[in-house]
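Here's the structure, in structure tokens; my notes come after.
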Amino acid sequence: MIHLEQAIVVEGKYDKNTLSQLVDAPIFTTNGFSIMNNREQLSFLRTVAEKRGLIILTDSDSAGFMIRSKLKGCLPANTVFHAYIPDIYGKEKRKAAPGKEGKLGVEGMKPEVLQKALLDAGVALSEKASVHEAITKNDFYSLGLSGTDGSEKRRQALKKKLLLPERMSTNSLLDAINILYTRDEFYHFVQEEKL
């Protein structure tokens, strides 16, 4: 497992799944081209980039480069790392046929190829994944943000207060909060806001 100081953004959930087996870092998705007009998501990624640094790892096809270009234009240059995968032709196991350009995406890359792409981007490796005690799913439960009546409503209110995208999943919200706050800061924030 590679421990990274930066967060990573990939195109989709299958890319995220593949990468999460290799790295210990928050991983966010663009949900393909939906990032193009999603101001909330772009604002959130900008915040992540400024707080922690952000690695852009998209497919090597034209769609991947369009998404990369959009992100590059919206994020502060000095906080972004670009990881590139090589052009390898084939199809992912879950697909019936290769993609339009016939290239494997992030999800189809071997772990050693992804590791090399990340290291070639100049990312910072760390001995441990986080420098402070992480906020966990148990914390969300104890604060009424998951698994209880009204938890969805409380999470939506929290996202709104934190200026985070409303469609962000619970796991992505947890990753985001761990980037933006220490455990004490987050508990203090929740108590102040009475969420």
Side-chain angles (χ1 to χ4, degrees), residues 1-33 35 41-42 44-95 98-137 168-169 171-180:
M1 185 74 67
I2 302 169
H3 301 289
L4 299 175
E5 291 180 12
Q6 299 85 4
I8 304 171
V9 63
V10 294
E11 291 179 53
K13 66 181 180 180
Y14 293 106
D15 300 331
K16 180 178 179 176
N17 182 50
T18 296
L19 208 53
S20 66
Q21 297 171 40
L22 176 68
V23 300
D24 181 15
I27 304 169
F28 302 100
T29 64
T30 66
N31 297 316
F33 284 116
I35 193 72
Q41 178 107 9
L42 288 169
F44 166 68
L45 291 175
R46 196 171 12 264
T47 301
V48 169
E50 290 168 351
K51 274 276 220 190
R52 187 168 179 156
L54 186 66
I55 303 162
I56 300 174
L57 179 59
T58 57
D59 294 350
S60 61
D61 59 7
S62 60
F65 273 88
M66 286 176 68
I67 292 167
R68 180 184 296 275
S69 179
K70 175 67 174 183
L71 292 172
K72 184 179 176 182
C74 295
L75 302 173
N78 62 336
T79 63
V80 174
F81 297 82
H82 290 275
Y84 296 93
I85 58 171
D87 288 337
I88 298 175
Y89 292 87
K91 74 169 192 67
E92 282 83 7
K93 290 179 184 177
R94 71 176 179 87
K95 295 182 179 176
K100 186 177 177 183
E101 295 179 29
K103 298 175 185 178
L104 289 175
V106 170
E107 75 171 279
M109 291 290 130
K110 291 182 179 179
E112 56 271 16
V113 173
L114 292 171
Q115 182 176 0
K116 182 178 181 336
L118 291 169
L119 294 176
D120 288 349
V123 298
L125 301 177
S126 70
E127 289 296 315
K128 54 186 176 181
S130 62
V131 293
H132 58 81
E133 186 180 358
I135 299 145
T136 66
K137 289 183 180 180
M168 182 177 270
S169 71
N171 287 338
S172 290
L173 176 60
L174 186 61
D175 285 342
I177 289 168
N178 274 305
I179 288 172
L180 302 171

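These figures come from a predicted structure and were not determined experimentally.
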Residues, nucleotides or ligands: over 12 heavy atoms within 6.0 Å of Lys116 NZ: no
CG (Leu57) and CD1 (Ile27) are apart, to the nearest 0.5 Å, by 9.0 Å
Minimal non-hydrogen separation, Gly122 against Phe81, with atom names: O-CE2, 3.4 Å
For Thr29, what residues pass the side-chain hydrogen bond (donor to acceptor under 3.5 Å, both in side chains) criterion, not counting sequence neighbours? Asn31
Non-neighbouring partners of Lys13 that pass side-chain hydrogen bond (donor to acceptor under 3.5 Å, both in side chains), sequence neighbours left out: none
Partners of Tyr14 by ring pair (Phe, Tyr, Trp, His ring centres under 6.0 Å), sequence neighbours excluded? none
Sole residue of Asp15, Ile35, Ile56 in side-chain contact (heavy atoms from CB on, under 4.5 Å) with Thr30: Ile35
For Lys95, I'd like to know if atom NZ has over 12 heavy atoms of other residues, nucleotides or ligands within 6.0 Å. yes
Ignoring hydrogens and geometry, is there a side-chain-to-backbone donor-acceptor pair from Glu107 to Glu92 under 3.5 Å? no
List the steps and the verdict of side chain to side chain contact (heavy atoms under 4.5 Å, CB included) for Lys110 and Val113. CA-CA 5 Å; Lys110 291 182 179 179; Val113 173; 4.3 Å; yes
Residue set satisfying salt bridge (Lys or Arg N to Asp or Glu O under 4.0 Å) with Glu101, at least two apart, ordered chain then number -> Lys103
Write out all pairs satisfying salt bridge (Lys or Arg N to Asp or Glu O under 4.0 Å) with one or both partners inside residues 57-81, taking only residues at least two apart or from two chains. none
To the closest 0.5 Å, what do you measure between NZ (Lys93) and CG (Leu104)? 11.0 Å
Taking only residues two or more places apart in sequence or in another chain, which ones pass side-chain contact (heavy atoms from CB on, under 4.5 Å) with Ser172? Lys16, Phe28, Met168, Ser169
Atom OG of Ser60 and atom CG of Asp87: how far apart are they, to the nearest 0.5 Å? 4.0 Å
In Å, rounded to the nearest 0.5 Å, how long is the span from CG of Asp120 to NE2 of His82? 14.5 Å
Exactly one of Leu75, Val9, Ile179, Thr79 clears side-chain contact (heavy atoms from CB on, under 4.5 Å) with Val48, and that residue is Ile179
Can you tell me how far apart CD1 (Ile2) and CG (Leu22) are? Round to the nearest 0.5 Å. 4.0 Å
Using a 4.5 Å cut-off on heavy atoms from C-beta on, say whether the side chain of Val10 contacts that of Thr58. no
Show your reasoning for whether side chain to side chain contact (heavy atoms under 4.5 Å, CB included) applies to Val23 and Ile8. CA-CA 10 Å; Val23 300; Ile8 304 171; 3.8 Å; yes
Nearest heavy-atom contact between Arg46 and Cys74 is NH1-O, 2.7 Å
In terms of heavy-atom contacts, Ala117 and Ile85 come closest through CB-CG2, 4.5 Å
Verdict with reasoning, Gln6 to Leu54, per side chain to side chain contact (heavy atoms under 4.5 Å, CB included): CA-CA 5 Å; Gln6 299 85 4; Leu54 186 66; over 6 Å; no
Scanning both residues in full, the closest heavy-atom pair of His3 with Asp24 reads ND1-OD2, 2.9 Å
Test Glu11 against Ile67 for side chain to side chain contact (heavy atoms under 4.5 Å, CB included), laying out the working first. CA-CA 8 Å; Glu11 291 179 53; Ile67 292 167; 3.7 Å; yes
